[in-house]
Amino acid sequence: MMRERRIRRVSADQVYMKFKKTLCALLCALTVAATGCGAHTPSNNSLSALPEDPKPTEPVYEEITANPGESASFGNMTMTVDSFEDPQITMESTGLKAVFFQVTIENKSEETVVTNYLNNFSLTVDGTYQEANECFTIPVMQKFYNFKGEEPFKAEIAPGESFTGYLAAEVNPEFKEIQLHYTPKTTDRGSRITVTLTDADLSLATK
């Protein structure tokens with residue numbers, strides 16, 4: 001009986017060893033297959049040879065320039081900065097200075113043109129460009145409304161008509177130069193009229 005049990009135990013070991021060999025062979029086959037699939041992956045050299053994405057380029061503006069009080073036209077639209085005003089207001093939340101621009105827009109086209117401070121205007125302050133929401137902020141527009149008692153520039157200008165209104169902006173109190181940009185068409189952000197102003201152009205705002 002002892003001999004018979006021993007023979008059965010050895011047979012079980014042999015079965016186990018054969019199973020291990022089969023399992024190892026299967027794992028090796030899977031590894032080779034995976035390596036074969038990876039053979040189609042581009043090497044580092046081939047990846048580096050792929051063309052790079054084109055780098056974004058700075059926008060090129062077709063720009064008409066003018067000084068304060070001068071009229072400048074782009075297409076059928078004309079802008080004049082009538083005054084650049086200092087209400088002597090400091091914004092509590094930012095410490096920036098509030099300034100007002102009185103602007104006249106004339107529509108020489110044959111269509112009604114909608115113009116407002118958020119869609120058609122922007123600033124460059126001492127070389128740093130600012131979109132409307134960065135400079136014509138809600139807090140400074142509220143200060144303007146409290147000071148002047150009117151809404152900021154927003155109008156539907158009929159053909160052959162003009163409209164005069166105000167913009168209010170937050171700027172560095174120590175600014176050297178401000179450029180006010182007017183973009184006649186919101187669908188053509190590369191075309192604009194620019195008026196350059198300095199602190200020498202500031203006049204005291206009146207209510």
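Positions are given from 1, in the same order as the sequence printed here. Predicted, not measured: the structure shown is a model, and the values here were computed from it.
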Any side-chain heavy-atom pair from [X] and [Y] closer than 4.5 angstrom?
X	Y	result
T137	T94	no
L204	Q88	yes
Y182	V195	no
L123	V171	yes
H181	I193	no
K176	D199	no
F74	M79	no
F163	I105	no

Determine whether K143 and E170 satisfy the following criterion, salt bridge (Lys or Arg N to Asp or Glu O under 4.0 Å), listing intermediate values before the conclusion.
CA-CA 10 Å; K143 293 288 187 183; E170 295 186 47; over 6 Å; no
Measure the [atom1]-[atom2] distance between [X] and [Y] for me, rounded to the nearest 0.5 Å.
X	Y	atom1	atom2	result
Q130	Q179	CD	CD	12.0 Å
R192	I64	CZ	CD1	11.5 Å
K207	F147	NZ	CZ	5.5 Å
K185	T115	NZ	OG1	12.5 Å
T78	K108	OG1	NZ	3.5 Å
F153	M141	CZ	CE	11.5 Å

In terms of the angle between their ring planes, are F100 and F144 parallel, tilted or perpendicular, with boundaries placed at 30° and 60°?
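The rings of F100 and F144 stand perpendicular, inter-plane angle above 60°.
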How are the rings of Y117 and F136 set to each other: parallel, tilted or perpendicular (split at 30° and 60°)?
perpendicular
Steps toward side chain to side chain contact (heavy atoms under 4.5 Å, CB included) verdict (M77, N107):
CA-CA 5 Å; M77 305 303 294; N107 177 14; 3.5 Å; yes
From CA spacing to verdict: side chain to side chain contact (heavy atoms under 4.5 Å, CB included), F84, I178
CA-CA 10 Å; F84 181 39; I178 292 177; 3.9 Å; yes
Residues in salt bridge (Lys or Arg N to Asp or Glu O under 4.0 Å) contact with E106, at least two apart in sequence or another chain
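Listed in chain order: nothing, the list is empty.
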Residues in salt bridge (Lys or Arg N to Asp or Glu O under 4.0 Å) contact with E174, at least two apart in sequence or another chain
none
Given the rule in the side-chain hydrogen bond (donor to acceptor under 3.5 Å, both in side chains) test, do E134 and Y129 qualify, once you have shown the distances and angles that lead to the verdict?
CA-CA 10 Å; E134 298 177 287; Y129 178 77; over 6 Å; no
For the side chain of [X] and the backbone of [Y], is there at least one donor-acceptor N/O pair under 3.5 Å apart?
X	Y	value
D86	L202	no
K148	Y166	no
N67	E70	no

Applying side-chain hydrogen bond (donor to acceptor under 3.5 Å, both in side chains) to T112 and E156, what does each step give before you reach the verdict?
CA-CA 6 Å; T112 297; E156 292 185 359; over 6 Å; no
State whether a side-chain donor-acceptor pair under 3.5 Å links T194 with E63.
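Note: T194 and E63 side chains meet the donor-acceptor criterion.
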Between N120 and T183, is any side-chain donor less than 3.5 angstrom from a side-chain acceptor?
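Note: N120 and T183 side chains miss the donor-acceptor criterion.
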Walk me through whether E85 and S83 qualify under side-chain hydrogen bond (donor to acceptor under 3.5 Å, both in side chains).
CA-CA 6 Å; E85 302 179 11; S83 64; 2.8 Å; yes
Start with the C-alpha gap between T80 and T104, add the side-chain angles, then the distance that decides, and say whether side-chain hydrogen bond (donor to acceptor under 3.5 Å, both in side chains) holds.
CA-CA 5 Å; T80 308; T104 298; 5.8 Å; no
Path from L167 to L96 over hydrophobic side-chain contacts below 4.5 Å:
no
Between L197 and F101, is a side chain to side chain contact (heavy atoms under 4.5 Å, CB included) present by the stated rule, with each step listed?
CA-CA 10 Å; L197 309 109; F101 306 86; 3.9 Å; yes
